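The structure appears below as structure tokens.
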Amino acid sequence: MTTLRQRKGSKGKEPSPAAELQSQQHNCCSEHHPEKILHGDWSWGAIIWTSVGWSVSVGLGLLCCIYVATLHENDLWFSNIKEVEREISFRTECGLYYSYYKQMLHAPSIQEGLKEMIHDNLTESKRTINLLQRMNIYQEVFLSVLYRLLPIQSYLEPVYFYIYTVFSLQAVYVIALYLTAWLLSGSWLAGALTGVWYILNRVDTTRVEFTISLRENWSLPFLALQVAAITCYLRPQLITLQQKVMVWLMYVTTFCFCLTWQFNQFILLVQALVIYTLDCGDFLTTTQVTTLYLVQVSSLLSVWFLQFCNSMILGSLVLSFIVAALFIRHCQPGVKTGSLVVRLGKVLLHSALVLLLTVTINYLAKKALQLQSDEHIFKFIKSKFALGSTRDFDASLYLCEEAFGLLPLDTLERLAGTLLLYPYVLTLLLLCGMLVAAALQNLSRPNRGSTEEKKGAREGQVAAFRPDVAYNLLHTLFYGLLAFSTMRMKYIWTGHMCAVAAYGVCGTELWTVLLSALRCNTKLLLRLVRYVVPVVMIGFLYYKFWPKLMEELSELREFYDPDTVELMTWISTKTPKQAVFAGSMQLLAGIKLCTGRVLTNHPHYEDKDLRERTRQVYQVYARRSPEEVYDILKAIGADYVVLENSICYERRHRRGCRLRDLLDLANGHIMDGPGEDDPDLVPATHPRFCDAIKTDAAAYNTLFTRTFQNKTFHVYRLKKKRKKNTKGSSEPSVTQ
């Protein structure tokens with residue numbers, strides 16, 4: 001197991017709060033936005049103020065980039081460890097993805113490297129797969145090509161080019177969040193506060209420093225850029241040319257997001273639901289809704305094309321939902337007519353029809369495409385909410401991991417400790433109340449003709465509740481619910497949470513309500529608090545957390561995993577280059593990266609046949625006879641099997657969630673240790689294979705030969721069976 005050890009070494013007549021709020025929103029929209037100069041304001045004040053805002057954004061982005069890069073170096077002493085240790089530090093699936101970057105660099109040419117990607121027979125034994133179709137690894141291909149073409153090989157190692165690129169994306173992420181907060185509030189101080197919060201809440205906003213290659217670290221910066229582009233697109237002041245530019249920016253960022261993460265369809269589904277909700281509340285025009293939907297569809301189809309017609313994209317729920325939503329909307333043009341009650345009834349009926357058509361389209365699409373790649377995700381969702389069997393092996397693998405559990409409450413404690421949670425909750429509550437009131441007001445308006453396109457009606461609606469604010473509010477709500485249900489998804493929510501909270505502090509809504517309640521709501525005082533409060537907060541956060549950051553950056557550790565280093569060195573030097581290895585998904589990813597050997601299975605789980613193969617390989621940790629295990633491994637072409645004590649004798653998980661327990665349940669066997677078992681489970685007739693094989697009993701020695709062992713790993717080579725002799729002996733005969 002990899003460990004880190006300490007390294008050596010004048011009051012007027014007051015208007016009503018609602019009228020004042022609308023006025024302040026209008027002022028906010030035209031104050032100091034990053035696109036203000038584009039509207040023709042070339043005054044020196046506007047130029048200087050905007051330039052300072054952009055400079056601060058870049059500075060905070062670079063600060064975040066340097067911060068995570070320094071943490072990575074200090075935790076591993078990355079610059080001083082051996083190459084094999086650097087590669088082992090790419091844990092689990094990160095190692096698999098990085099191996100393709102390495103493979104492309106080692107190829108004789110770019111063309112040969114691409115050919116190896118398209119016709120790969122090293123990732124899954126006895127199979128040739130198209131990696132560019134199966135996996136989201138275009139970023140690795142792009143970086144490898146870029147590294148070959150740029151004149152940097154002499155002074156920058158490939159691994160540093162890779163990790164610095166990922167760390168640089170964190171700078172892009174911070175800048176995107178900064179711009180979103182700036183666009184919403186009209187003050188770049190909101191962006192500065194967003195960046196500070198993002199950095200101080202690093203534990204909950206990113207994990208890039210120790211999971212560099214993880215797909216989300218590539219994709220989430222592009223999602224943040226997309227949200228900033230949507231926020232700008234929904235602003236009412238844009239001229240036609242600027243709207244077109246924003247549409248293209250939305251497309252490019254959505255495309256990059258989809259191309260770099262296999263879970264893009266599920267994230268975009270939540271976003272499509274946000275757009276649909278805004279449409280039902282009449283916050284967006286028909287053109288805006290259709291444009292946002294089509295941006296998603298065109299991005300997904302572009303990725304579908306680049307991934308050699310990956311059927312998982314065509315069978316995605318988000319595509320089915322968008323088609324259903326657009327079709328039902330076309331067939332029901334009079335949804336937003338009638339009284340309030342009639343409209344609400346029509347919206348409910350409309351939503352039911354969209355849901356029914358979505359399910360129907362998705363079912364038919366998956367049947368036509370014979371798609372089963374993502375069924376494990378739906379099994380997990382069903383099991384998580386007690387809607388399906390909890391014995392399914394694939395679903396249980398997810399359910400038993402902490403990352404896929406509910407969001408721990410200590411997360412909220414940490415967010416409160418940096419003053420992020422309080423303004424966020426207050427902003428959320430205020431905006432939610434305003435959103436509901438605005439939606440009811442929109443649905444209560446007298447019927448309009450098809451010219452919603454009528455500027456007067458639309459501008460009145462915008463004054464009531466800006467569509468860019470409405471989008472960001474629902475975005476943070478929907479993704480917040482997703483984060484609370486599945487902890488791993490919190491990284492989508494917490495970054496945007498910083499922007500929303502900063503908007504609450506620097507925007508007009510919260511302060512207008514508060515100052516109106518105190519009967520001191522003047523424009524001068526409102527502007528004063530909007531600038532003083534964020535500056536005071538940033539000063540307080542600096543005073544409180546800067547020493548802690550410096551202390552964190554002064555902690556020096558180093559990579560220490562001698563057992564894995566010994567294993568990888570042995571495999572590289574003592575086994576044939578075409579040898580096939582079986583074992584846990586996590587370990588095999590490292591074996592492929594460090595040694596280039598052929599694998600039986602790997603952590604990229606979005607394939608039904610691979611999931612079944614993985615379950616079969618994991619029988620080495622179940623109670624199965626040596627003959628059964630041998631036949632399973634031989635059938636998939638394994639030459640060696642690596643057994644890990646940390647899995648065979650696992651204590652990290654509770655009973656019922658250890659890997660061996662999941663296998664026992666799937667096989668219908670009673671689990672190890674004290675505790676209750678389901679009545680239909682029976683005792684196994686064989687001992688646990690991973691433990692019994694170490695006894696060197698004859699039944700095991702005739703089929704397996706131990707070739708390597710240390711405190712953590714045991715490697716066995718599968719012997720070759722001889723044909724049964726003429727005497728009809730029931731015992732298998734083997735050769736060395």
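Please read these numbers as outputs of a predicted model, since none were measured by experiment.
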With a cut-off of 3.5 Å and sequence neighbours excluded, list every side-chain donor-acceptor pair involving residues 583-592.
residue, atom, partner, partner atom, Å
S584, OG, L587, N, 3.3
S584, OG, E644, OE2, 2.4
K592, NZ, Q103, OE1, 3.2

Quick one: does [X]'s side chain get under 4.5 Å of [Y]'s, heavy atoms only?
X: T411; Y: V203; answer: no
X: N74; Y: E555; answer: no
X: V172; Y: F222; answer: no
X: M497; Y: N201; answer: no
X: M489; Y: I267; answer: yes
X: I230; Y: Q271; answer: yes
X: H496; Y: V227; answer: yes
X: W493; Y: F484; answer: yes

Locate the shortest heavy-atom distance separating [X] from [Y]; write the atom from each residue and the value.
X: V141; Y: L132; result: CG2-CD2, 3.9 Å
X: E124; Y: R134; result: OE2-NH1, 2.7 Å
X: S144; Y: L105; result: O-CD2, 3.6 Å
X: A502; Y: T194; result: CB-OG1, 3.2 Å
X: V68; Y: E209; result: O-CB, 3.8 Å
X: I212; Y: C94; result: N-SG, 4.4 Å

Do the side chain of [X] and the main chain of [Y] share a donor and acceptor less than 3.5 angstrom apart?
X: W197; Y: T418; answer: yes
X: S57; Y: Y178; answer: no
X: H653; Y: C400; answer: yes
X: R613; Y: N601; answer: no
X: R611; Y: D394; answer: no
X: R86; Y: F78; answer: yes
X: R652; Y: I647; answer: no
X: Y503; Y: N472; answer: no
X: E85; Y: F559; answer: no
X: S572; Y: M568; answer: yes

Would you compute the distance between atom [atom1] of [X] and atom [atom2] of [Y] and round it to the nearest 0.5 angstrom?
X: N217; Y: T211; atom1: CG; atom2: OG1; value: 4.5 Å
X: I81; Y: S89; atom1: CD1; atom2: OG; value: 5.5 Å
X: L225; Y: L177; atom1: CG; atom2: CG; value: 9.0 Å
X: L268; Y: L300; atom1: CG; atom2: CG; value: 5.5 Å
X: Q307; Y: I137; atom1: CD; atom2: CD1; value: 9.5 Å
X: L96; Y: L599; atom1: CG; atom2: CG; value: 7.5 Å

Q.
Using ring centroids (six-membered ring only for Trp), state whether F540 and Y543 fall under 6.0 Å.
A. no
Q. Ring centres of Y101 and Y147 under 6.0 Å apart?
A. no
So [X] and [Y], would you call those rings parallel, tilted or perpendicular, with 30° and 60° as cut-offs?
X: W261; Y: F257; answer: perpendicular
X: Y97; Y: H604; answer: perpendicular
X: Y160; Y: Y164; answer: tilted
X: W570; Y: Y640; answer: perpendicular
X: H475; Y: Y479; answer: tilted

Q | Sidechain N-carboxylate O distance under 4.0 Å for R654, E402 | A | no
Q) Salt bridge between K102 and E83, side-chain N to carboxylate O under 4.0 Å? A) no
Q: Sort out for me which residue in F142, W218, F167 forms a ring-ring contact (aromatic ring centres under 6.0 Å, His included) with Y162.
A: W218
Q: Evaluate whether atom OH of Y649 has more than 12 neighbouring non-hydrogen atoms of other residues, nucleotides or ligands under 6.0 angstrom away.
A: yes
Q) Would the number of heavy atoms belonging to other residues, nucleotides or ligands and lying under 6.0 Å from CG of L409 be above 12? A) no
Q: State which residue, out of L567, V642, N645, fulfils the side-chain contact (heavy atoms from CB on, under 4.5 Å) condition with H714.
A: N645
Q. Going by atom types only, do T476 and Y424 share a side-chain donor-acceptor pair under 3.5 Å?
A. yes
Q.
Checking Y98 against V159 for the side-chain contact (heavy atoms from CB on, under 4.5 Å) test, could you report, in this order, the C-alpha distance in whole Å, the side-chain angles of both residues, the deciding distance, and whether it holds?
A. CA-CA 9 Å; Y98 182 76; V159 65; 3.3 Å; yes
Q: Report the C-alpha separation of Q226 and T254 in whole Å, then their side-chain angles, then the decisive distance to 0.1 Å, and conclude whether the side-chain hydrogen bond (donor to acceptor under 3.5 Å, both in side chains) test is met.
A: CA-CA 6 Å; Q226 183 229 37; T254 307; 3.0 Å; yes
Q: Please step through side-chain hydrogen bond (donor to acceptor under 3.5 Å, both in side chains) for the pair Y251 and S302, ending with a clear verdict.
A: CA-CA 10 Å; Y251 167 74; S302 299; 2.7 Å; yes
Q | Under the side chain to side chain contact (heavy atoms under 4.5 Å, CB included) test, residues paired with S109 that sit two or more places apart | A | Q111, E112
(Q) Run the side-chain hydrogen bond (donor to acceptor under 3.5 Å, both in side chains) test on Y67 and E552 for me, step by step, so that the C-alpha distance in whole Å, both residues' side-chain angles and the decisive distance to 0.1 Å come before the verdict. (A) CA-CA 10 Å; Y67 177 46; E552 182 182 27; 2.5 Å; yes
Q) Pairs in or reaching into residues 212-231: which pass salt bridge (charged side-chain N to carboxylate O under 4.0 Å, His left out), with residues at least two apart or in two chains? A) E140-R215, R207-E216, E216-R488
Q: Could you please spell out the steps behind the side-chain contact (heavy atoms from CB on, under 4.5 Å) verdict for Y198 and Q170?
A: CA-CA 10 Å; Y198 183 90; Q170 285 296 298; 2.7 Å; yes
Q | Stepwise side-chain contact (heavy atoms from CB on, under 4.5 Å) test for F404 and L399 | A | CA-CA 6 Å; F404 292 93; L399 287 171; over 6 Å; no
Q | side-chain contact (heavy atoms from CB on, under 4.5 Å) evaluation trace for D561 with T712 | A | CA-CA 10 Å; D561 191 0; T712 305; over 6 Å; no
